[in-house]
Undergrad: 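Quick one: the structure is below, and I'll ask about it shortly.
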Amino acid sequence: MKYAYEYYKKSAEYIQERAGGEIGLGLVLGSSLGGISELIQDRIIIKYKEIPNFLMSTVDSHAGELLIGTLSGKKVVCMSGRFHYYEGYEFERLAVPMRVFKLLGVKKVILTNAAGGINTDYKPGDVMLISDHIKLTGASPVRGPNIPELGPRFFDVSNMYTRTLRELAKAEAEKQGIDLKEGVYFYATGPQFETPAEIRAMRILGGDAVGMSTVTEAITAAHCGMEVLGISLITNMAAGVLDQPVTTEEVDLEGRKAKDKLERLITSVVGAM
Ligand code: HPA
């Protein structure tokens, strides 16, 4: 039963019983970006701990609840608070949320996160569209016996952060007068922030921003045929870029400051999706 199709189905059925109907769009809100969930109208809130077979948030800046409601006229399911490898979950457990989204009917998902800027042209407060990612550490969330009802054993990830959704996001950002960067997200397992030497290596390898989330969700979503849009808020410059330490306070502060900008971007992107 563990990690089998029925396992995910049990979570999805519980959510459907409480929220009803198919939901086409999924949203994941990263550290300090949870405020966006307030924009969801007529929302039903389900605590993660009430959902059978689901996971529980252990991070202070993450709310730990699922919201189902309407955003820009679309029915959405939104995770306010997500799960990370550094919390102690096995990679395979991190497949749960996107597989449950899939069983709820989700076809497109927006993954947001806070990230450190590796690219020295970036500054805190910038918003970066994820064009691709680099993950050189750890296993895959879809490791283990394949579940054919969800997707094939081997699958293509060359257009994971789909071009169509990126083009749509760029067009909406332009309408909103928001300057959108586009770059490669480098996955780090954390919980320690990176060393300056690691950041220099990541820059040489082609990373523009670094963070501890999103990638596990993007891989799982791609496996089950969902389209992914990834948005990073650059909350700080990565280690060693400036002569100062990386702090959680800085990450939270930039998250709060950029709230309005991100809300406008996400609302208009969802409306156009
Ligand atoms: N490194 C990793 N994750 C992060 C950072 C960072 O500098 N900033 C926000 N999340």
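On a predicted model such as this, the values are computed, not experimentally measured, just so you know. Residue numbers run from 1 in the order of the sequence given. Atoms within each ligand, like the ligands themselves, are counted from 1 in listed order.
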Undergrad: Would you please indicate if the ring centroids of His133 and Tyr185 are separated by under 6.0 Å?
TA: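 Ring-ring flag for His133/Tyr185: false, centres at least 6.0 Å apart.
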Undergrad: Do Phe83 and Tyr48 have ring centres separated by under 6.0 Å?
TA: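 Yes, the ring of Phe83 comes within the 6.0 Å limit of the ring of Tyr48, centre to centre.
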Undergrad: Taking 4.0 Å as the limit for heavy-atom contacts, which would you say applies to Thr235 with ligand 1: side chain only, backbone only, both, or neither?
TA: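 Thr235 to ligand 1: side-chain contact only, backbone stays beyond 4.0 Å.
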Undergrad: If you measure every N/O of Val246 against every N/O of ligand 1, is any gap under 3.5 Å?
TA: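 No; every N/O pair is 3.5 Å or more apart.
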Undergrad: Give the atom numbers and elements of ligand 1 that come within less than 4.0 Å of a heavy atom of Asn236.
TA: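 What qualifies from ligand 1 is 5 (C), 6 (C), 7 (O), 8 (N), 9 (C).
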Undergrad: Do you know which of Leu94, Thr214, Leu29 makes side chain to side chain contact (heavy atoms under 4.5 Å, CB included) with Arg82?
TA: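 Among Leu94, Thr214, Leu29, the one that satisfies the side chain to side chain contact (heavy atoms under 4.5 Å, CB included) with Arg82 is Thr214.
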Undergrad: Just to be sure I read this right, does ligand 1 sit under 4.0 Å from the backbone of Asn113, its side chain, both, or neither, counting only heavy atoms?
TA: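 Neither; no heavy atom under 4.0 Å.
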Undergrad: Just wondering, do Ile23 and Ile68 contact through their side chains at under 4.5 Å, heavy atoms?
TA: yes
Undergrad: Can you sort out the partners of Ala188 under side-chain contact (heavy atoms from CB on, under 4.5 Å), two or more places apart, ordered by chain and number?
TA: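 For Ala188 the side-chain contact (heavy atoms from CB on, under 4.5 Å) partners, ignoring immediate neighbours, are Glu194, Met202, Val210.
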Undergrad: Heavy atom under 4.0 Å from ligand 1: found in Ala188's side chain, backbone, both, or neither?
TA: neither
Undergrad: With a cut-off of 4.0 Å, which atoms of ligand 1 are near a heavy atom of Gly116?
TA: 5 (C), 6 (C), 7 (O), 8 (N), 9 (C)
Undergrad: Which ligand 1 atoms, with their elements, are less than 4.0 angstrom from a heavy-atom of Glu194?
TA: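 Taking each heavy atom of Glu194 in turn, ligand 1 has 1 (N), 2 (C), 6 (C), 7 (O) under 4.0 Å.
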Undergrad: Is a side-chain donor or acceptor of Lys102 paired with a backbone partner of Cys224 at a separation under 3.5 angstrom?
TA: yes
Undergrad: Give me the nearest non-hydrogen protein atom to atom 4 (C) of ligand 1 as residue plus atom name, then the distance to 0.1 Å.
TA: Val210 O, 3.8 Å
Undergrad: With the threshold set at under 4.0 angstrom, would you say Gly211 reaches ligand 1 through any of its heavy atoms?
TA: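 Contact check Gly211 vs ligand 1: positive.
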Undergrad: Does a side-chain N-to-carboxylate-O contact under 4.0 Å join Lys257 and Glu254?
TA: yes
Undergrad: With atom 10 (N) of ligand 1 as the reference point, say which of Gly190, Ala114, Ala239 has the nearest heavy atom.
TA: Ala114
